[in-house]
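Accompanying notes for the structure given below.
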Amino acid sequence: MIKYNPYLFKIEQENSFATLNKKVNEYKLNNPTKKIISLGIGDVSRPIPRPIIEEMHKAVEELSDINTFKGYGYYYGHDFLRQAILDNEYGVFNFTKDEIYISNGTKTDSTSILELFDVNAKILITNPTYPVYLNGTYALSREVSFLPIKEEDNFLPQIPTKKYDIIYLCSPNNPIGIAYTKEYLEKWIEYAINNNSIILYDNVYHDYITSPDVPKSIYELPNSKKTSIEFRSFSKSSSFTGVRCSYYIIPNDIDKDINHIWKLRTLNRFNGTDYIAQKGALASYDKESKEIINYNIKYYLDNAKSLKDTFLKYNFKVWGGIDSPFIWVKNPSLLTSWETFSFFLNELNIIVTPGIIFGSEADAYFRISSLGTKEDISIAIKRISDYYEKEI
C-alpha cells in the first residue's frame, strides 16, 4: 500500500476556507435571489492599473519575436525587476540585487523557504495565524509549536522564554489587522540575535502602513539584516491576485553562504516567474501607476474606516483597519465564530470569516475585509445598521 506524508493529515479540514465556501455556496443555491455581500474574501476589487496592463501587453508581443523572446534561465527573477525593487525599496538598506528573489506569491514563498533550514528546526507560529504558515509546514513534514496571542496583550505575540529556530511574524497582520511598532519589533530582533533564530517576516501589506511608529520594512531596525527574511508581493497593491508576482530578501548578513545555498536550491526547484507578470510589476513603479495604486489603497482604507466605525457604534470590540485592509471583531453576544458567520450570512446576507479558521485561540472573533467595492461596503453597512438600530 502507498504510504502518504502523514503530516498532510494534520491539515485542518473542518475549520477551513473550504468549509466556509461550501456553506456559502449551499446558501446561494438555496437562496438564488439574495444579494450576498462578501466581507470575508481577501481578494481585491480594484482592477490592475492601466499603465501596468499596457506594459504586460507589450511583454506579450515581445514573446512573439525570437529576438525579444524570454525562456528558461531567469530562476531568481529578471535583473530589470530585481534592480527596480532594489532602487525603489531596498537600496537604502545597502542590499544588492543578488539578495532579491522574484517568485509567484508569498503564499508559496513563506513556506517553501523552510527548505533552506534543517528539517528538525524548531518552528514557532502564532495562534491565531494566517493558515498557510501552519499548513505549509505540515506539507513539508515539519513539526511546529504555537504561541497564543491574546486580547489582553492587545494581540501582540509575547516574546517566548524557550529557544526557537524559526519564527513567523506578519505585520501588518493577517488576520488581526494590527501592525507592529519599531519599539515592539526591536524585542523580537533582540530575541533572534540572542537565540540565533530567523524571523520570517510577512510584509505583504506594507503599502497600507500609515502609522508613523510602524516600520514599512523590518530592515529599518538595527541588526535585522542578521536575523530576518522579508516577504512582499504585488498582489494587494498592484491588484496582482490573479497575476502572480512576489519577492523576498535573504540578507547575506545572516550567513556568508546563505544565498549561494538558496540559489542552488532555487535553480533545481523553480523555473522562474512569468515574464509578463514581471514586466507588469516593473511598471508598478512608474509615476502614473503609483498614483493609481495609492488611490486604490486609500480606497480600501476608507472602506476599513467606515466598517470599523460601524461596528464600534454597535458595541463590537474592533482591532486593525488603520495600517491594514483587515479588521478583527469580537461579537458582544459572545457567539462562537461559526455561529457569528451563520448569523451574518442568514440574517444580513453578509459573508464574514470565522476566527476559528485562523486558530483555536480565535473562536470568539471574526475577520472583516475592506477590499470590496465601496458600493458593496455601503450596502453591508446599511444592513448592519438597520439590524442593530432595531436592537437598541
Side-chain angles (χ1 to χ4, degrees), residues 12 15 39 122-131 133-134 144-164 167-192 194-195 197 199-203 205 208-215 218 221 304-305 307-341 343-344 352-370 388:
E12 182 65 74
N15 294 315
L39 301 181
K122 294 181 179 178
I123 301 169
L124 184 66
I125 294 175
T126 62
N127 179 5
T129 191
Y130 178 44
Y133 307 150
L134 175 60
V144 62
S145 297
F146 298 96
L147 179 64
I149 49 178
K150 298 180 179 295
E151 182 180 331
E152 54 262 36
D153 297 318
N154 294 314
F155 292 107
L156 293 173
Q158 300 302 290
I159 305 298
T161 54
K162 289 182 173 181
K163 170 182 165 52
Y164 293 94
I167 300 108
Y168 278 90
L169 291 179
C170 179
S171 178
N173 187 270
N174 180 13
I176 298 170
I178 63 172
Y180 303 149
T181 64
K182 290 181 181 179
E183 182 180 6
Y184 170 75
L185 285 171
E186 283 172 355
K187 298 174 184 177
W188 277 104
I189 299 298
E190 182 181 4
Y191 170 87
N194 291 338
N195 290 276
S197 308
I199 295 170
L200 302 181
Y201 193 70
D202 188 340
N203 193 216
Y205 298 98
Y208 288 77
I209 293 171
T210 59
S211 300
D213 58 343
V214 173
I218 199 168
L221 281 73
K305 184 179 187 308
L307 286 164
K308 186 170 185 174
D309 289 347
T310 300
F311 281 107
L312 287 171
K313 180 179 178 181
Y314 299 112
N315 298 317
F316 288 77
K317 286 188 174 182
V318 185
W319 296 263
I322 296 173
D323 299 299
S324 163
F326 295 122
I327 302 166
W328 193 240
V329 188
K330 187 174 186 179
N331 193 324
S333 301
L334 300 180
L335 301 174
T336 68
S337 57
W338 277 119
E339 288 170 342
T340 300
F341 166 84
F343 162 75
F344 272 90
V352 301
T353 305
I356 192 68
I357 285 178
F358 303 102
S360 59
E361 294 287 335
D363 200 23
Y365 308 88
F366 59 99
R367 191 192 73 175
I368 293 290
S369 167
S370 69
Y388 284 101

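The structure displayed is predicted, hence computed values, not measured ones.
Inter-residue side-chain proximity for Tyr201 and Leu185 is flagged as met; some heavy-atom pair is nearer than 4.5 Å. Side-chain atoms of Asn173 and Pro175, non-hydrogen and from C-beta on, do get closer than 4.5 Å to each other. Residues Tyr168 and Tyr130 are not in side-chain contact: their nearest non-hydrogen atoms beyond the backbone lie 4.5 Å or more apart. Between Lys162 and Lys122, every side-chain heavy-atom pair lies at or beyond the 4.5 Å cut-off. Counting only heavy atoms from C-beta outward, the side chains of Ile218 and Ile189 approach each other to under 4.5 Å. Residues Ile357 and Pro131 have side chains in contact (heavy-atom distance under 4.5 Å, counting atoms from C-beta outward). In this structure the side chain of Pro172 reaches within 4.5 angstrom of the side chain of Ile209, judged on heavy atoms. Inter-residue side-chain proximity for Trp188 and Ile199 is flagged as met; some heavy-atom pair is nearer than 4.5 Å.
A salt bridge does not link Lys313 to Asp309: none of the charged nitrogens lies less than 4.0 Å from a carboxylate oxygen.
Side-chain contact, Asp323 with Ser211: a donor N or O sits under 3.5 Å from an acceptor N or O.
Between the side chain of Ser324 and the main chain of Phe326, a donor-acceptor pair closer than 3.5 Å is present. Side-chain atoms of Asn127 come within 3.5 Å of backbone atoms of Ser360 as a donor-acceptor pair (strictly under, hydrogens ignored). In this structure, Asn154 contributes its side chain and Leu156 its backbone to no donor-acceptor pair below 3.5 Å. Put simply, the side chain of Asp363 gets close to the backbone of Ser337: a donor and an acceptor are under 3.5 Å apart. Checking side-chain atoms of Ser171 against main-chain N and O of Ala179 turns up no donor-acceptor pair under 3.5 Å. Put simply, the side chain of Lys330 never gets that close to the backbone of Ala364: no donor and acceptor are under 3.5 Å apart.
Contact record, Gly320 with Lys308: O-NZ, 2.6 Å, taken as the closest heavy-atom pair. Counting all heavy atoms, side chain and backbone alike, Lys182 lies closest to Leu221 at O-CD2, 3.6 Å.
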Test side chain to side chain contact (heavy atoms under 4.5 Å, CB included) on Phe343 and Ser333 and set out the steps.
CA-CA 11 Å; Phe343 162 75; Ser333 301; over 6 Å; no
Apply side chain to side chain contact (heavy atoms under 4.5 Å, CB included) to the pair Thr126 and Glu361, showing each step before the final yes or no.
CA-CA 10 Å; Thr126 62; Glu361 294 287 335; over 6 Å; no
Determine, step by step, whether Phe146 and Leu134 satisfy the side chain to side chain contact (heavy atoms under 4.5 Å, CB included) criterion, reporting the C-alpha distance in whole Å, the side-chain angles of both residues, the deciding distance to 0.1 Å, and the verdict.
CA-CA 9 Å; Phe146 298 96; Leu134 175 60; 3.6 Å; yes
Could you give me the CA-CA distance, side-chain angles and deciding distance for Tyr191 and Ile167, then say whether side chain to side chain contact (heavy atoms under 4.5 Å, CB included) is met?
CA-CA 10 Å; Tyr191 170 87; Ile167 300 108; 3.7 Å; yes
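Between Tyr133 atom OH and Leu169 atom CG the span is 9.0 Å, to the nearest 0.5 Å. From Phe341, atom CZ reaches atom CD1 of Ile356 across 14.0 Å, with rounding to the nearest 0.5 Å. Summarising the geometry, atom CD1 belonging to Ile149 is positioned 12.0 Å from atom CD1 belonging to Ile125; distances are rounded to the nearest 0.5 Å. Taking CH2 from Trp328 and CZ from Phe155, the interatomic distance works out to 7.0 Å, rounded to the nearest 0.5 Å. Summarising the geometry, atom CD1 belonging to Ile327 is positioned 10.0 Å from atom CD1 belonging to Ile322; distances are rounded to the nearest 0.5 Å. Here the OG1 atom belonging to Thr353 is positioned 7.5 Å from the CD1 atom belonging to Ile368, to the nearest 0.5 angstrom.
In summary, the aromatic rings of Tyr365 and Phe358 are positioned with their centroids too far apart to meet the 6.0 Å limit.
Heavy atoms from other residues, nucleotides or ligands lying under 6.0 Å from NZ of Lys305 number 12 at most.
Each of Tyr314, Phe311, Phe344 was evaluated against Tyr388; a single residue qualifies, Tyr314, per the ring pair (Phe, Tyr, Trp, His ring centres under 6.0 Å) test.
Using the six-membered ring where Trp is involved, Phe366 and Phe316 have ring planes that are perpendicular, over 60° apart on the 30 and 60° scheme.
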